[in-house]
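A note on names: the letters A, B, ... follow the listed sequences, proteins ahead of strands, and every chain is numbered from 1. Just so it is clear, the model here is predicted, and its values are computed rather than measured.
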There are 2 protein chains.
Amino acid sequence: MKQTQIVTPSNGMTPSRGPTPTKNRILDAAEALFMEHGFEATSLRQITALAEVNLAAVSYHFGSKEELFEAVLTRRLDPMNRERIALLTRFEREAAPEVLSCERVLTAMFIPALALARDRERGGQNFLRLLGRAYADPAPFIRRFLSEQYAVMILRFKAAFARSLPQLPKKELSWRLHFVMGALSYTLAGTDALKLIAALSPRDAGNDEMLLHRLAPFLVAGLKAPLPDLSEFDGGGVSARQAGGS
Amino acid sequence: MKQTQIVTPSNGMTPSRGPTPTKNRILDAAEALFMEHGFEATSLRQITALAEVNLAAVSYHFGSKEELFEAVLTRRLDPMNRERIALLTRFEREAAPEVLSCERVLTAMFIPALALARDRERGGQNFLRLLGRAYADPAPFIRRFLSEQYAVMILRFKAAFARSLPQLPKKELSWRLHFVMGALSYTLAGTDALKLIAALSPRDAGNDEMLLHRLAPFLVAGLKAPLPDLSEFDGGGVSARQAGGS
DNA sequence: CTAGCATTCAAACAAACGTTTAACTGAATC
DNA sequence: GATTCAGTTAAACGTTTGTTTGAATGCTAG
């Protein structure tokens, strides 16, 4: 039926006669519009109009609007997370037998995101905002998709962080990683939101590179923070113990 | 035409014959549904069905779907931000002539949010998630509304933070406040997202109180972090150096 | 009683939605 | 030259959307 995968004849035989592969035109348009208006607020007609393809092409190539959305995310997310893991592995190998520092682990998370943000040619800047938005979206299919996409990477990095912060209980680390992801995705999502707080020079806003370099020390300090006093929670009912672990 | 303000006869004259003021029923239903599905994905028909009122009542009482959304936010946000400012002022008065500590300023931000999270009777828990979602929404009318709602409070707190962190340049403080708001709203928005990272006991998830007590030390440490090395940005070149670390 | 007024209601509005259909294209395969 | 099949197309599918209308309702005041 569908699912044919365009051939992309990178060798010489067929001189790539097609104007542009429809599938990619749709993905590019969808990425731009999903980024700007979100999933629900973007219609397939807007997408196909911008992509200059037929409306039915979406159903044909992707099946549904939801599957299109997943394809838009996968296209960039999958390589980025793969890079993150590869980078972390390389860092660990280079540092061996020393344990990786917390900063270094965070760096392995940031560099691929940074590279994507810089890759203006292929949507970069905008895509990270789309991702940040997806993180806050409660739609079940988005949540399911994201946790599947991120599960491997998160577990890998959680283990690395645990090694570099041995004094931190497992549960506390989980929370702090959550905060890290929060600040990161919110920061990436909210170019507009910046104006809420800051009197920033126009040069600064939209400069994701500098942004992430400012974010990193903030997060590292947070990760290394002393443990919170949760005594008031132990006193009460079912005892929210703080995971003796270490 | 509209805008009549229900009388709420709290005294004895008319024994409150109306079953429930329509306006509040709509607000409650809208809050619950906007929280769960977001603004675009929630229809007025879902709202009026849940509220058990006529469809046209929304247009009559609020004018439009967008104005209803703003009313839902205002109802809780306005008092909360007023409380925040009042609390900060009280703290400052009590501490005078000493400067307020960074923790203390953050506490003034958190306590009203915490109180709202606890107020289960009036939507609390769910509302904070709705708010976190709104923060990530790029819809112009939402962005405009939020910055109007927050402008006063943010400026007030920014000044307070500046006093308690005198060594921090203004611009750096702006960024860090942005990160703080990011971690906060993402954390409040993402009860579901928690499961992405953590192996948390069911008791823990959804316990916003403990959550904020874990978040506070994380953010204080971030606010107090040493300044980042931004020398590479002064240089001018794009230079993808990989963040010295370790 | 009557007039005024705020509120509710069922019904309808045009517009836009995601998805499906069936006809058609054009190049490759036998 | 007929067949096959991935790809494209215009048109229509049945829903659902936010908003508007005009008549009904019930209370308050003159």
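- Look at Ser59(A) and you won't find any side-chain N or O under 4.0 angstrom from OP1 or OP2 of dG18(C).
- Scored by the ring-ring contact (aromatic ring centres under 6.0 Å, His included) test, Phe110(A) finds no partners at all (sequence neighbours excluded).
- Rounded to an integer number of Å, the gap from CD of Gln46(B) to P of dT17(D) is 6 Å.
- Taking the six-membered ring where tryptophan is involved, the planes of His178(B) and Trp175(B) are perpendicular, since the angle between them exceeds 60° and thus also 30°.
- Pairing each heavy atom of Ala134(A) with each of Phe69(A), the nearest pair is CB-CZ, 4.3 Å.
- Distance Glu66(B) CD to dT17(D) C1': 14 Å, rounded to the nearest Å.
- Phe39(B) has its CZ atom 12 Å from the C1' atom of dT17(D), to the nearest Å.
- Lys158(A) places no side-chain N or O within donor-acceptor distance of the main-chain N or O of Leu173(A), the cut-off being under 3.5 Å.
- Set against dT9(D), dA6(C), dC17(C), the side chain of Tyr60(B) has dA6(C) as its closest nucleotide.
- A distance of 7.5 Å separates CG in Asn81(B) from CE in Met109(B), rounded to the nearest 0.5 Å.
- Whole-Å rounding puts the Leu55(B) CG to dT17(D) P distance at 10 Å.
- Within the 4.5 Å cutoff, the side chain of His37(B) has heavy atoms near those of the Leu33(B) side chain.
- Protein atom NZ of Lys65(B) is 8 Å distant from nucleotide atom P of dT17(D), rounded to whole Å.
- Contacts of Thr42(A) with the nucleic acid, taken as non-hydrogen atoms under 4.0 Å apart, involve only primed sugar atoms and P, OP1 or OP2.
- Map Asn54(A) and Ser43(A) each onto its nearest nucleotide of DNA chain C; the residue landing nearer the 5' end is Ser43(A).
- Taking atom CZ of residue Arg45(A) and atom P of nucleotide dA10(D), one finds them 13 Å apart after rounding to whole Å.
- Regarding Glu40(B), its CD atom lies at a distance of 14 Å from the C1' atom of dT16(D), rounded to whole Å.
- Ranking dC17(C), dT21(C), dA12(C) by closeness to the Ala56(A) side chain, first place goes to dT21(C).
- Not one side-chain nitrogen or oxygen of His61(B) sits closer than 4.0 Å to the OP1 or OP2 atom of dA6(C).
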Check: What pattern of brackets, bars and dots sums up DNA chain D from 5' to 3', given Watson-Crick or G-U wobble pairs under 3.5 Å, [ ] for crossing pairs and | for another strand?
Finding: |||||||||||||||||.|||||||||.||
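- Atom C1' of nucleotide dC9(C) and atom CD of Glu52(B) are separated by 15 Å, given to the nearest angstrom.
- For Lys65(A) (side chain) and Val58(A) (main-chain N/O), no donor-acceptor pair under 3.5 Å exists by modelled atom type.
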